[in-house]
Number of protein chains: 2
Amino acid sequence: MRSVEPIRWTPEGVVLLDQRRLPGEVVYHTYTDYRELAVAIKDMVIRGAPAIGVAAAMGIALGVLHSRAASLEELRAEFKTICDTFAATRPTAVDLFWAIGRFQRKFDSLARNAAQNNLEPIKEALADEAQQVHRERQLADEAIGKFGAELLPSSGRIMTQCNAGALATGGIGTALGVIRVAAESGRKLEVFVPETRPYLQGARLTAWELQQDKIPLTLITDNMVGHFLKTGGVGAIVVGADRIAANGDTANKIGTYAMAVLAHENRVPFFVAAPVSTLDLSLASGDAIPIEQRPADEVTHVHGVRLAPDVAVANPAFDVTPARFIAAIVTERGVARAPYEQSLRRLAQGASAPSPVAR
Amino acid sequence: MRSVEPIRWTPEGVVLLDQRRLPGEVVYHTYTDYRELAVAIKDMVIRGAPAIGVAAAMGIALGVLHSRAASLEELRAEFKTICDTFAATRPTAVDLFWAIGRFQRKFDSLARNAAQNNLEPIKEALADEAQQVHRERQLADEAIGKFGAELLPSSGRIMTQCNAGALATGGIGTALGVIRVAAESGRKLEVFVPETRPYLQGARLTAWELQQDKIPLTLITDNMVGHFLKTGGVGAIVVGADRIAANGDTANKIGTYAMAVLAHENRVPFFVAAPVSTLDLSLASGDAIPIEQRPADEVTHVHGVRLAPDVAVANPAFDVTPARFIAAIVTERGVARAPYEQSLRRLAQGASAPSPVAR
């Protein structure tokens with residue numbers, strides 16, 4: 001695998017880099033049972049909405065590939081069980097449901113033309129489709145990176161949140177893809193990385209990715225975000241997204257909403273970078289986005305060490321940033337700006353949105 | 001000691017509850033050497049601006065008490081060294097400098113009337129003075145609690161930051177004193193407690209104090225503050241302070257500024273509770289407040305466990321909240337409101353500010 005490759009399809013099964021153990025240990029697991037892969041998604045062996053989409057795609061293909069169904073009808077029933085298993089893993093990341101929907105349509109299309117007793121072509125086609133999803137994700141990241149890099153200042157400090165990097169997508173990353181493309185084009189950028197409690201994706205994953213790419217960074221705790229937006233000379237913020245409603249309201253890692261409000265207060269432009277698969281135009285606004293509640297021990301314990309007495313804990317994994325705080329949403333098809341109802345619908349339909357620079 | 005008593009003057013020396021080891025372990029240390037007590041302040045065995053003031057007062061008295069000076073001039077030189085040692089411990093907490101200033105004036109006054117070779121009366125008077133500072137702190141907390149409780153809603157959710165409790169003052173606490181008095185008067189309050197990285201004073205200390213007092217609480221990570229101010233039905237915020245400038249700008253634990261901006265965005269009243277000794281009217285605005293930078297390993301490690309790769313870290317311990325975000329500043333002499341230049345000056349001069357309720 002490349003240095004930062006969170007997921008790979010192999011003949012033996014789906015290989016995941018265990019992100020829970022980074023940066024201390026670099027450990028890969030090979031999943032041959034789709035159920036174990038679903039547990040791995042839930043347990044955050046792999047995380048980040050786009051990467052969850054790739055993992056679900058590969059997981060569905062894996063489940064179908066290893067099915068012992070003797071008929072198309074048996075396979076169809078098993079396919080439904082497999083899809084339901086993945087749908088129950090992470091409720092907020094819409095890329096998951098996007099991948100499931102794509103595979104359902106693909107399965108239906110293949111089934112219409114299939115011979116009753118020859119299921120191999122369906123299995124092979126779904127395995128190809130999973131790898132295609134991964135390739136598309138990588139290409140999308142590259143395009144997001146190019147569109148987004150144009151929005152960043154020519155030098156100075158950038159802030160991000162959580163990890164919207166290679167580990168979160170399987171490509172070069174969405175938010176970190178933007179920063180990577182900008183850095184590769186010679187811009188002198190430094191990145192403020194909030195540690196992103198409780199799961200520490202910033203401290204463990206983003207810091208590690210940027211360090212590997214030799215992009216200068218400063219690690220901060222989450223409660224320093226406001227202070228450094230006020231005093232730290234931050235020129236722009238780029239974050240990823242887990243689900244974007246039709247009006248541009250964006251669910252992303254907990255803390256993103258606060259960062260956006262503080263950016264607005266301090267006149268720092270706040271950009272969201274995400275593939276079109278993260279759009280959920282079926283939701284009029286962010287109020288309808290389901291917010292995943294995670295276990296209390298992620299807050300009370302770190303690496304098995306208890307931090308707090310045995311008290312009540314809240315652990316919402318995401319929050320919703322109202323569209324009015326978002327300067328632009330960068331996708332692989334171009335850059336959307338307010339009013340987002342129009343600009344996001346155009347992008348979802350496949351048209352390029354106007355970029356800030358003529359192309 | 002009472003259940004939550006962070007500091008006590010004893011004939012053997014100054015006893016501190018080691019707050020670094022709470023809530024897991026309740027351990028007391030007795031300091032007989034003022035230099036070791038100064039190190040304990042720097043290392044956060046005791047913390048919280050008002051408690052640091054008490055600790056410095058007791059530490060200066062301890063140093064003088066154990067002095068082997070043979071003449072008043074020798075004692076005066078040693079007294080200066082002692083004061084300089086405490087002044088170098090924590091730069092932001094102004095109560096520290098308030099205590100040093102008070103002891104300098106007391107020493108000068110005692111020295112004017114002292115016999116050259118009988119230093120015992122000075123030693124005894126300074127030991128009394130240190131205990132007097134502690135008693136005044138406790139009375140101030142009670143008064144702050146009464147004034148502040150009137151500002152809280154009759155029921156509902158309150159948010160605080162860090163630990164401005166008994167552990168931070170040696171009394172009932174400033175912000176937590178307000179919550180305690182309100183709860184004791186029968187109001188049904190629940191408290192959102194941000195864990196307050198990197199040192200986890202919220203998770204370790206505030207959660208522990210509230211649990212001991214049976215006041216319901218929900219522990220959250222710092223990046224959930226915005227989400228719960230937007231969605232959690234919070235009726236008011238009460239925080240402590242480390243230094244308040246003449247215009248009301250307030251230095252407090254890192255993250256307070258962000259909380260205040262997010263409170264303003266969500267129309268939640270934001271109150272500061274602090275004794276008059278936390279006012280620094282020599283500073284026109286918060287821009288001049290020195291911000292303590294603490295070691296990187298507080299961010300990269302928790303309980304000795306490394307959380308992040310070896311990267312650059314920023315660790316400012318405090319931030320400054322502009323006065324325009326502060327609905328009121330509650331002191332033991334009454335409640336100050338904008339314009340703070342006038343209201344704080346009146347309080348500093350000893351007059352009661354108008355309270356929200358006639359008294």
Side-chain angles (χ1 to χ4, degrees), chain A residues 23-24 161 192-198 200 202-204 207-208 210-211 216-232 253-262 264-266 291 296 299-300 302-316 318-320, chain B residues 23-24 161 192-198 200 202-204 207-208 210-211 216-232 253-262 264-266 291 296 299-300 302-316 318-320:
Chain A
Q161 164 72 338
F192 275 115
V193 179
E195 62 178 3
T196 315
R197 283 276 291 145
L200 295 166
R204 296 190 302 107
W208 186 70
L210 292 173
Q211 190 183 41
L217 74 118
T218 300
L219 178 65
I220 60 175
T221 59
D222 301 315
N223 51 10
M224 295 175 194
V225 163
H227 177 69
F228 283 112
L229 287 173
K230 180 162 162 252
T231 67
K253 177 55 52 195
I254 191 77
T256 303
Y257 160 69
M259 189 181 280
V261 171
L262 289 157
H264 186 258
E265 164 69 18
N266 290 287
I291 299 295
V299 173
T300 54
V302 167
H303 292 301
V305 179
R306 177 173 272 282
L307 307 179
D310 186 19
V311 294
V313 170
N315 189 10
F318 304 97
D319 59 26
V320 175
Chain B
Q161 163 74 337
F192 275 116
V193 178
E195 62 179 4
T196 315
R197 283 275 292 145
L200 295 165
R204 296 190 303 106
W208 186 71
L210 292 174
Q211 190 183 40
L217 74 118
T218 301
L219 178 65
I220 61 175
T221 59
D222 301 315
N223 51 9
M224 296 175 193
V225 162
H227 177 70
F228 284 110
L229 286 174
K230 179 161 163 252
T231 68
K253 178 54 52 193
I254 190 78
T256 304
Y257 161 68
M259 188 180 281
V261 170
L262 289 156
H264 185 258
E265 165 68 18
N266 291 286
I291 300 295
V299 173
T300 55
V302 167
H303 290 304
V305 179
R306 175 172 274 282
L307 307 179
D310 186 18
V311 294
V313 169
N315 188 10
F318 305 96
D319 60 26
V320 175

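Note that this is a predicted model, so its numbers are computed, not measured.
- In this structure, the side chains of A/His227 and B/Ile254 come closer than 4.5 Å at one or more pairs of heavy atoms.
- Both the backbone and the side chain of B/Val320 come within contact range of chain A, each with at least one heavy atom under 4.5 Å from a heavy atom of that chain.
- Annotation: side-chain contact (heavy atoms from CB on, under 4.5 Å) contacts of A/Ala296 (sequence neighbours excluded): A/Val313.
- Atom CD of B/Glu195 and atom CZ of A/Arg197 lie 4.0 Å apart (nearest 0.5 Å).
- Under a 3.5 Å cut-off, the side chain of A/Gln211 and the backbone N or O of B/Asp310 do form a donor-acceptor pair.
- For A/Val299, the parts lying near chain B are the backbone and the side chain together; criterion is any non-hydrogen pair under 4.5 Å.
- With a 4.5 angstrom heavy-atom cutoff, B/Pro198 touches chain A via backbone and side-chain atoms both.
- Most heavy-atom pairs under 4.5 Å with chain B, from the set A/Gly304, A/Ala203, A/Ala260: that is A/Ala203.
- Using a 4.5 Å heavy-atom threshold, the side chains of A/Val305 and B/Val302 count as separate.
- Only the side chain of A/Phe228 has a heavy atom closer than 4.5 Å to any heavy atom of chain B.
- Scanning both residues, B/Ala312 and A/Leu217, for their nearest heavy atoms gives CB-O, 3.4 Å.
- Listed options B/Leu307, B/Thr300, B/Asp319 were ranked by heavy-atom pairs under 4.5 angstrom with chain A; first place goes to B/Leu307.
- For a residue to count as touching a neighbouring chain, one of its non-hydrogen atoms must lie under 4.5 Å from one of that chain's; by this rule A/Leu200 touches chain B with the side chain only.
- The minimum heavy-atom distance linking B/Leu219 with A/Ala308 is given by the pair CD2-CB, 3.6 Å.
- Looking at heavy atoms from C-beta onward, B/Asn315 lies in side-chain contact with A/Met224 at the 4.5 angstrom threshold.
- Taking A/Val311, A/Thr231, A/Ile220 one by one and counting their heavy-atom pairs under 4.5 Å with chain B, the maximum is reached by A/Val311.
- Heavy-atom pairs under 4.5 Å with chain B were tallied for A/Ala207, A/Gly232, A/Pro316, A/Gly255; the largest tally goes to A/Pro316.
- With a 4.5 angstrom heavy-atom cutoff, A/His303 touches chain B only via side-chain atoms.
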